[in-house]
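Structure record follows, encoded as structure tokens.
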Amino acid sequence: MTASAKTISDALLHWYDAYARDLPWRNPPRAPRPSDPAWPYRVWLSEVMLQQTTVAAVKPYFAKFVANWPTVEALAAAEEAEVMAAWAGLGYYSRARNLLKCARAVAARGGFPESKEALRGLPGLGPYTAAAVAAIAFGQRAVVVDANVERVVARLFAITEPLPAARKAIRERAEEITPEQRAGDFAQAMMDLGAQICTARDPRCLLCPLAGDCAARAKGDPARLPVKAPRKPKPERQGRAYWIERDGAVWLVTRPGNGMLGGMRALPDDGWSAQADGSAMPPVPGAQLSLGAVRHVFTHASLTLELVRLEGEPDGDGEWWPLERIEEAGLPTLFAKAARLALAARG
DNA sequence: TATCCGTGGCT
DNA sequence: TAGCCAAGGAT
């Protein structure tokens, strides 16, 4: 490690010791001690939940999961439908499917592996999460690169090459400034800095412990970095969902394990997610009445979903779900919106 | 390398 | 307000 790299890591760790955020999945006194097997479980669980997701959104879900399933063994023993329902609303549902697969693999082998390489082989753990768990939960010296680190490093070293091409150079610089000791604290410090000081827009350089080391600040325009490729336009989709009600219950299906909202309970629909637009064909014959439409914006498409009340007998797999317990069905946000529309139309 | 996969908050 | 953004992974 060069002298300037040590200057950076020392300054950041010193800042972290004073200003680290108090988060439920972090160190004592609020969380178990590192020697407790509950500690790697909580670190792993929080890291998976935090993928592409804000701290504020994760907090209530983390509390619910730890209360329902205090250990990885408890989670491993859970029914998939329970886990998916508990995850409902948090998004990126493949994370929940892989979370359960991972819990079962870990329970079967008697605990989490401790090396980055072994962690990388578990479902749902990519380069980032494997490195983060190795460093934070097991004290390994691993180089942790997430969007915060990319932003901080791009500014520190004034890397003007656009993402994603700049990732190689960013990783090399991150490797240089990651200390041998306290790599987990260093990673969390970079994330705290990125979330609170070195923010994407309007960075608060006057509060930054690395301001004196920052090449982008010296050049005068840190907010310009990192440069990103322009996004592609978001396609517009149309679809229909069907509200089939009987005796105070609504017909729900479970979506296939892959693809959009995979594994989640849902209203039956016309296949809009598998095709660009749905077929608009109802799953059963019978009288139809439009209840209105719901707008929903996903990462890669915007959807207008028409909700149609259907009089008829459903066929295929599904379940009658009591309306008074609809909140417990674990519908993803799109279908939760549709259910609210139906209940409002119903008066 | 590029694309797909949620959601809610912020500006 | 429409777009941007957030502790990415799988394919």
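Reckoned from all heavy atoms, side chains included, excluding hydrogens, waters and symmetry mates. Every chain is numbered from 1, with letters handed out A, B, ... down the list of sequences.
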Just to verify, what does R255(A) make a salt bridge (charged side-chain N to carboxylate O under 4.0 Å, His left out) with, not counting sequence neighbours?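 Checked R255(A) against salt bridge (charged side-chain N to carboxylate O under 4.0 Å, His left out); matches are D269(A).
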
Listed partners of R325(A) passing salt bridge (charged side-chain N to carboxylate O under 4.0 Å, His left out), at least two apart: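 Result, salt bridge (charged side-chain N to carboxylate O under 4.0 Å, His left out) vs R325(A): E328(A).
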
Check: protein-nucleotides 4-6 of chain B nitrogen or oxygen pairs below 3.5 Å:
{"unit_1": "dC5(B)", "atom_1": "N4", "unit_2": "H300(A)", "atom_2": "NE2", "d": "3.1"}
{"unit_1": "dG6(B)", "atom_1": "OP1", "unit_2": "Y93(A)", "atom_2": "N", "d": "3.0"}
{"unit_1": "dG6(B)", "atom_1": "OP2", "unit_2": "L261(A)", "atom_2": "N", "d": "2.5"}
{"unit_1": "dG6(B)", "atom_1": "O4'", "unit_2": "Y92(A)", "atom_2": "N", "d": "3.0"}
{"unit_1": "dG6(B)", "atom_1": "N7", "unit_2": "Y92(A)", "atom_2": "OH", "d": "3.2"}
{"unit_1": "dG6(B)", "atom_1": "N7", "unit_2": "T299(A)", "atom_2": "OG1", "d": "2.1"}
{"unit_1": "dG6(B)", "atom_1": "O6", "unit_2": "Y92(A)", "atom_2": "OH", "d": "3.0"}
{"unit_1": "dG6(B)", "atom_1": "N1", "unit_2": "Q52(A)", "atom_2": "O", "d": "3.0"}
{"unit_1": "dG6(B)", "atom_1": "N2", "unit_2": "Q52(A)", "atom_2": "O", "d": "3.3"}
{"unit_1": "dG6(B)", "atom_1": "N2", "unit_2": "T53(A)", "atom_2": "OG1", "d": "3.0"}
{"unit_1": "dG6(B)", "atom_1": "N2", "unit_2": "L90(A)", "atom_2": "O", "d": "3.4"}

May I ask you to check whether F298(A) and H296(A) place their ring centres under 6.0 Å from each other?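 Under 6.0 Å, so yes.
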
More than 12 heavy atoms of other groups within 6.0 Å of D221(A) CG: yes

Would the number of heavy atoms belonging to other residues, nucleotides or ligands and lying under 6.0 Å from CD of E324(A) be above 12?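 More than 12 heavy atoms, drawn from other residues, nucleotides or ligands, come within 6.0 Å of this atom.
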
Taking only side-chain N and O atoms of R151(A), does any of them lie within less than 4.0 angstrom of OP1 or OP2 on dA6(C)?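 Answer is yes, contact under 4.0 Å.
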
Which pairs pass ring-ring contact (aromatic ring centres under 6.0 Å, His included) with one or both residues in residues 320-344 of chain A, sequence neighbours excluded?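 Those involving residues 320-344 of chain A are W251(A)-W320(A).
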
Under the ring-ring contact (aromatic ring centres under 6.0 Å, His included) rule, what pairs show up with a residue in residues 126-167 of chain A, not counting sequence neighbours? none

What nucleic acid atoms does [X] come within less than 4.0 Å of, heavy atoms only: base, sugar-phosphate, or nothing?
X       : value
S46(A)  : nothing
K232(A) : sugar-phosphate
K228(A) : sugar-phosphate
A57(A)  : nothing

Please compare L50(A) and P123(A) by the position of their nearest nucleotide in DNA chain C and report the one closer to 5'.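 This one resolves to L50(A).
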
Which residue, G124(A) or R21(A), contacts DNA chain C at a nucleotide closer to its 5' end, judged by nearest heavy atom? R21(A)

Counting heavy atoms from C-beta on, name the nucleotide in dA7(C), dA2(B), dG9(C) closest to the side chain of D192(A).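 For the D192(A) side chain, the nearest candidate turns out to be dA7(C).
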
Would you say the side chain of R295(A) and the base of dA2(C) hold a donor-acceptor pair, judged only by whether the two atoms sit under 3.5 Å apart?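 No pair found.
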
Give the rounded distance in Å between these two atoms: [atom1] of [X] and [atom2] of [N].
X       : N       : atom1 : atom2 : answer
R42(A)  : dA7(C)  : CZ    : C1'   : 17 Å
W44(A)  : dA7(C)  : CH2   : C1'   : 16 Å
L99(A)  : dG9(C)  : CG    : C1'   : 13 Å
R201(A) : dC10(B) : CZ    : C1'   : 6 Å
R231(A) : dA2(B)  : CZ    : P     : 15 Å
F335(A) : dT7(B)  : CZ    : P     : 10 Å
L23(A)  : dA7(C)  : CG    : P     : 12 Å
L125(A) : dA10(C) : CG    : P     : 8 Å

Between [M] and [N] - [atom1] atom distance, rounded Å:
N      : M       : atom1 : result
dG6(B) : dT11(C) : P     : 14 Å
dC5(C) : dT1(C)  : C1'   : 16 Å
dA7(C) : dC4(B)  : P     : 23 Å

Residues touching DNA chain C, which here means a heavy atom under 4.0 Å, drawn from residues 58-74 of chain A: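 Contacting residues: none.
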
In chain order, what residues pass the ring pair (Phe, Tyr, Trp, His ring centres under 6.0 Å) check against W69(A), with sequence neighbours excluded?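 If we apply the ring pair (Phe, Tyr, Trp, His ring centres under 6.0 Å) test to W69(A), skipping adjacent residues, the hits are F65(A).
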
Within residues 78-90 of chain A or reaching into it, pairs that qualify as side-chain hydrogen bond (donor to acceptor under 3.5 Å, both in side chains) - sequence neighbours excluded: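 Listed by first then second residue: nothing to list.
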
Holding to side chain to side chain contact (heavy atoms under 4.5 Å, CB included), I want the full list of residues that pass it with Y61(A), two or more places apart in sequence or in another chain.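 With sequence neighbours excluded, Y61(A) shows a side chain to side chain contact (heavy atoms under 4.5 Å, CB included) to M49(A), K64(A), L90(A), given in chain and number order.
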
